[in-house]
Amino acid sequence: MYRKYAISYIRFSTAEQSLGHSYDRQFEEAEEFCNENNIKIVKDYKDLGKSGYKSVNLAPEAGLRYFLNSLKKGEISNPKDTHLLIESLDRLSRAQVTTSLKLFLDILNYGISIITLADGEVYEKGCKLQDILTSVMMLAKAHQESKDKSYRIGKVWKSKKEEARAEAKKKSGTGKKVTALTKMCPFWLKVVKENGRYVYEEKEQEVKTIKLIFALATGNALDHEEKLSVSVENIKFSSIEIARLLNKEGIPIIKSGNRKRTTYWHASNINKILTNKAVLGVYQPKILMTKEDEHRDEFNETYTIDKQYYENDGKEIREFFPIIISKEHFDSATYNREKKFKGKRGKKGKRFSNLFNGVALCRSCQSSMVHSDKGTSQKGKRWVYLQCSNARIKGGCKATSINYSILEYNVLQFIQGTNFSELTCDVQLPTDIEIKYQENIIDKLENKLNKVSKQFHKYMEYDDENDPDFAEEIKQKLEELRKEKRTLNTKFNSEKVILANMLTRNSSVSLDEMSFRTLVKGIDISNKQKENDDIYFKRQKINAVLTLLISHIYVDTLRLKALIFYKSNVIQLVDIKDEIATGTVFSTVRLPSFKFAANIDESFHKTFEDGLYNLVMMLIDGKMNVASKSPDEAENEGLANLEKNFSHVMSFPQKLANTFKVGGYNFKVEFNKEKYWFEVNQK
């Protein structure tokens, strides 16, 4: 005789089944059974698209787990008057028999009976041994079917990937299209039938958007090509800034398939594109791996779920997809994401309030200067300051705050009168040979990494049930390979960043002083009539120009001076006491750089460079005046003092070289007037 109440449990494994009638069929079967037998359905649990083979339906957030926890908590009233309705036992579990049988018996021990609607069988606590054996056989059969299916699918995919690898290698460099592996592909491509076979074809608008994203990320966007409402030349945008710009321009978001997505760009969308090697034409085959993941329920009882994850399956296949981004631009974008914006991803505000973000440092302790906006007074005066981050947290620095507006106005007025081409001259760039050498290092590491990965997968296929004698040895070998993979991955990523840095430095930068002056005119942050985005992108461009030109700006809050260090070794001193008139002349000094011979250890590079730098800073601070008769006569004239004693700066490297003779090092220092650097050689 059937009981009064029923709980329905519905499960299917794949998302594709949700498009069919699996859910409707299971629900209708349960509903029809209850109507015919005068049973009331009091609760239903669902695990849609969750595998019973890997016990995903036992995960903490799964419907079956909620049902089991409700049983343990006593939240299901009258369990002895309640059925659990399932289509068949394999809906409950397709895991190994030890797991599925325990689950089956645990449910019965709580007093609830299990009815399989497909065959009308009823299982309950105290049922006959024959019924238990039948259930064991059915659960074992379900597991074996899933295991066989998984094996067959894996074998088919392995064959497909080998064919794809062979075809891509054969057609490499010919410009011919590779046969599509499946209809699934990167979202900027589509699969079309061409000459009797399916191939990949670019989606025009989506590819155009992706090229724009990479151009913005690498600073290679050109205004006359992109035709945007704001100037983007020479700016390296962060992911969040790219998203903001695309939304402002009304450029539609690229969607993947028919899945529901937001209609606005976010930084996460941009990051997925910038890190997807498919834009290089690369297809990286994956292999589905599993590992046991132990969980504890609310009652501190442990249970195990097979957690699935993907690993690279062999070497990546190049020239498989259409190539839409060059490797140079891809690596450059990677470098900018990992290095350029490191440590300065903070909120820039609606109008990019701090133009000196990333370049302003405290003169006293070299800590970064932070922007602080205290709002507007009743008389309309804005209270905006720059403050040493170390002093702000009472870290020992005595530097005070300074008026940000005066600093911004004076520095920009000064830079407007600067010849940008002089500031970017004599920059040492990597040669083609050096770049090729770095690429070879990366290729060798990649080959070694693929070789180790192949070994790892080979050992992962070992079946310890059939050959337990070698289980411990295999486990140890897997751990060794896993460590080697981690080490190689770290080295591989590190060398890639070095290459990206070299490529970025080689990117040509053209700066127009006149356009910079025009840009400065429209950046007044207090102008409420202008839109936030208009102000933001203009100020962002100025920040980009400053970052390209300037190594750092030392802000001296005690003397009210700003000391600008350009990347070309030019130093300028700006007064920030009051706002000044355009055209005021300031002190400017250009320091020589160093060119070291290949046989000189890098530790000496730093010694020479730091020694010269420290000497220069002492002269600027007026702490030594070698032209004076005594230290008491030292003048505090900033760069004027440095200019007066510049001969001492020029003679310093050779004097420093002489001090190393005691240690047995014989350095020769010569000044190259044409290159404006010290050439340091070892005799």
Side-chain angles (χ1 to χ4, degrees), residues 150-151 153-174 178-179 181-182 186 275-292 307-321 323 326-328 330-331 334-335 338 433-464 466-467 469-503:
S150 177
Y151 174 77
I153 291 173
K155 197 171 181 180
V156 169
W157 268 104
K158 185 176 181 180
S159 176
K160 281 186 175 183
K161 286 182 278 192
E162 288 173 354
E163 290 172 6
R165 199 181 298 279
E167 186 183 4
K169 186 176 181 180
K170 183 179 178 181
K171 295 181 178 179
S172 176
T174 64
V178 174
T179 304
L181 199 60
T182 70
T275 56
N276 194 337
K277 293 182 74 174
V279 298
L280 301 172
V282 170
Y283 167 55
Q284 174 61 70
K286 301 284 184 179
I287 186 170
L288 185 63
M289 310 293 289
T290 59
K291 66 177 180 179
E292 290 188 347
K307 187 175 182 180
Q308 295 180 313
Y309 64 99
Y310 285 95
E311 279 197 354
N312 292 345
D313 186 10
K315 193 175 180 180
E316 61 187 25
I317 305 175
R318 299 180 181 181
E319 296 186 51
F320 185 79
F321 299 122
I323 300 172
S326 71
K327 192 172 188 304
E328 178 184 347
F330 186 87
D331 289 341
T334 301
Y335 170 74
E338 295 176 355
I433 295 175
E434 290 172 329
I435 291 174
K436 188 65 179 176
Y437 178 76
Q438 187 63 25
E439 288 175 341
N440 288 337
I441 291 175
I442 293 171
D443 287 341
K444 287 178 182 178
L445 281 170
E446 187 176 20
N447 289 334
K448 193 170 183 180
L449 187 58
N450 287 326
K451 186 177 179 181
V452 172
S453 295
K454 194 172 182 179
Q455 284 183 285
F456 183 80
H457 292 142
K458 183 179 178 181
Y459 281 103
M460 283 293 290
E461 293 173 359
Y462 171 76
D463 189 350
D464 58 356
N466 294 333
D467 198 357
D469 294 339
F470 292 94
E472 192 60 36
E473 185 179 335
I474 295 296
K475 185 178 179 181
Q476 184 178 348
K477 185 63 177 177
L478 280 170
E479 186 59 32
E480 290 174 2
L481 289 170
R482 189 176 283 111
K483 288 180 180 178
E484 189 174 0
K485 278 176 67 178
R486 281 198 295 264
T487 303
L488 285 171
N489 260 318
T490 302
K491 180 67 175 171
F492 179 69
N493 292 329
S494 174
E495 295 296 337
K496 279 176 64 181
V497 169
I498 293 173
L499 175 62
N501 188 10
M502 294 169 73
L503 294 171

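These values consider heavy atoms only, across backbone and side chains, with no hydrogens, waters or symmetry-generated copies. What you see is a predicted model, and the numbers here were worked out from it, not measured in a lab. Count residues from 1 along the sequence.
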* Asked: Looking at residues at least two apart in the chain, or sitting in another chain, which of them share a side-chain hydrogen bond (donor to acceptor under 3.5 Å, both in side chains) with K477?
  -> none

* Asked: CD1 of I323 to CZ of R318: how many Å apart, nearest 0.5 Å?
  -> 10.0 Å

* Asked: Is any side-chain N of the basic residue among E480 and K483 closer than 4.0 Å to the acidic one's carboxylate O?
  -> no

* Asked: CD of E446 to CG of N489: how many Å apart, nearest 0.5 Å?
  -> 10.5 Å

* To do: Indicate the atoms forming the closest heavy-atom contact of F492 with I442, along with that distance.
  => CE1-CG2, 3.4 Å

* To do: Taking all heavy atoms of F330 and all of V279, pick out the closest pair and write down the distance.
  => CD1-CG2, 3.7 Å

* Starting at CZ of F320, measure out to CG of L280 and round the result to the nearest 0.5 Å. => 15.0 Å

* Asked: Under 4.5 Å between any side-chain heavy atoms of K277 and Q284, yes or no?
  -> no

* Structure fact -> Applying side-chain hydrogen bond (donor to acceptor under 3.5 Å, both in side chains) to D443 and not counting sequence neighbours gives none

* **Partner set under salt bridge (charged side-chain N to carboxylate O under 4.0 Å, His left out) for K444, not counting sequence neighbours** => none

* Asked: Taking the side chain as C-beta and beyond, is there a heavy-atom pair between F321 and V282 under 4.5 Å?
  -> no

* Rounded to the nearest 0.5 Å, how far apart are CG of L488 and CG of L481? -> 10.5 Å

* **Point-to-point distance, once rounded to the nearest 0.5 Å, from NZ of K485 to CG of N450** => 10.0 Å

